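For reference, the structure discussed in these notes is given below.
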Amino acid sequence: MTIILIAVFIVMTVVLLVTPLKFADDNYMERYEAIRFACLPAAIVLTLLGTLKKTDSEAVKAIKIVITVGAAFVSVVVLYIGAFAGGMCGWSVDKVLFYNRKDKGTRIVIREFGCGATDGGPPIYNVSKITTIRPCFIWVTRADTTRLDASVWIPADGEVN
């Protein structure tokens, strides 16, 4: 079970980094991070239950314990680095431009990337299509508003083209 939990955390982190899948808002991301912070090091240490054998010599047991506890410590360090490196900056929706006529969970928005008080420069903006996958997940891709089909998209300001 602990190996599966570790694999889920690794796969989830990679998927969130390399695909357009994102958390719908910061609350979901913070909950995930809190669970990951608490469970990942504990899961690594709990793998000792499956790796320590009665037939192992004392030296082998000591090596397994040192490596496992060391891996748990490294995971905590990596989690802290990730939390502080990426936690101050992020994307937010600045303005909704269009809604999909059939699916109000799909919209075209202007997104803003900024780092709050730690950033002295202006935010970065882009136009994105956001599709709600589940209440906690969205799929974010770039959008080209010059090629929108008026039969599919409704302007958010209520004006029809």
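Because the structure is a prediction, the values reported are computed rather than measured. All residue numbers in this chain count up from 1 along the given sequence. Side-chain atoms are counted along with the backbone in the values below, which use heavy atoms only and exclude waters and symmetry mates.
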* Check: Gly105 main-chain N/O paired with Thr132 side-chain donor or acceptor under 3.5 Å -> yes
* Asked: Which residue pairs pass the side-chain hydrogen bond (donor to acceptor under 3.5 Å, both in side chains) test with at least one member in residues 4-30, sequence neighbours excluded?
  -> Thr13-Tyr32, Thr13-Arg36
* Asked: Under the salt bridge (charged side-chain N to carboxylate O under 4.0 Å, His left out) rule, what pairs show up with a residue in residues 65-77, not counting sequence neighbours?
  -> none
* **Contact summary for Pro41 and Ala38, nearest pair of heavy atoms** => CD-O, 4.1 Å
* To do: Determine, step by step, whether Trp153 and Thr145 satisfy the side-chain contact (heavy atoms from CB on, under 4.5 Å) criterion, reporting the C-alpha distance in whole Å, the side-chain angles of both residues, the deciding distance to 0.1 Å, and the verdict.
  => CA-CA 10 Å; Trp153 298 99; Thr145 57; over 6 Å; no
* Separation between CD1 of Ile138 and CZ of Arg107, rounded to the nearest 0.5 Å -> 6.5 Å
* Linking I/L/V/M/F/W/Y whenever their side-chain heavy atoms sit closer than 4.5 Å, directly or via other members, would Leu5 and Leu16 fall into one cluster? -> yes
* For the atom pair CG (Leu148) and NZ (Lys129), what is the distance rounded to the nearest 0.5 Å? -> 10.0 Å
* Does Arg134 have any side-chain hydrogen bond (donor to acceptor under 3.5 Å, both in side chains) partners at least two apart in sequence or in another chain, and if so, which? -> none
* Asked: Do Val152 and Ile130 belong to the same hydrophobic cluster, where Ile, Leu, Val, Met, Phe, Trp and Tyr are linked whenever their side-chain heavy atoms lie under 4.5 Å apart, directly or via other members?
  -> no
* **Val140 with Ile124, same ILVMFWY side-chain cluster at under 4.5 Å** => no
List, one per line, each side-chain donor-acceptor pair under 3.5 Å for residues 93-100, sequence neighbours excluded.
residue: Asn100; atom: OD1; partner: Lys102; partner atom: N; Å: 2.8
residue: Asn100; atom: OD1; partner: Asp103; partner atom: N; Å: 3.1

* To do: Using the test salt bridge (charged side-chain N to carboxylate O under 4.0 Å, His left out), find all partners of Asp149 that sit at least two apart in sequence or belong to another chain.
  => none
* Asked: Which pairs, with at least one residue in residues 66-80 and sequence neighbours excluded, count as a salt bridge (charged side-chain N to carboxylate O under 4.0 Å, His left out)?
  -> none
* Residues that, via side-chain heavy atoms closer than 4.5 angstrom, fall in one hydrophobic cluster with Val8 -> Ile4
* Gap between atom CD1 of Ile6 and atom CG of Leu40 - 0.5 Å precision -> 6.0 Å
* Listed once per pair and sorted, the ring-ring contact (aromatic ring centres under 6.0 Å, His included) pairs that draw on residues 126-145, sequence neighbours left out -> Phe23-Phe137
* Would you say Ile44 and Ile3 are hydrophobically clustered, going by side-chain heavy atoms of ILVMFWY under 4.5 Å? -> no
* Can you check whether Ser151's main-chain N or O pairs, donor with acceptor, with Arg101's side chain at less than 3.5 Å? -> yes
* Asked: Is it the case that one hydrophobic cluster holds both Phe113 and Val109, taking links as side-chain heavy atoms less than 4.5 Å apart, direct or via other members?
  -> no
Sequence neighbours left out, cut at 3.5 Å: what donor-acceptor pairs do the side chains of residues 49-73 make with other protein atoms?
residue: Thr51; atom: OG1; partner: Thr47; partner atom: O; Å: 3.2
residue: Thr51; atom: OG1; partner: Leu48; partner atom: O; Å: 3.4
residue: Lys53; atom: NZ; partner: Gly50; partner atom: O; Å: 2.8
residue: Asp56; atom: OD2; partner: Lys53; partner atom: N; Å: 3.1
residue: Asp56; atom: OD2; partner: Lys64; partner atom: NZ; Å: 2.7
residue: Ser57; atom: OG; partner: Val60; partner atom: N; Å: 3.3
residue: Lys64; atom: NZ; partner: Thr51; partner atom: O; Å: 2.6
residue: Thr68; atom: OG1; partner: Lys64; partner atom: O; Å: 2.7

* Structure fact -> By side-chain hydrogen bond (donor to acceptor under 3.5 Å, both in side chains), Ser128 pairs with (sequence neighbours left out) Asn126
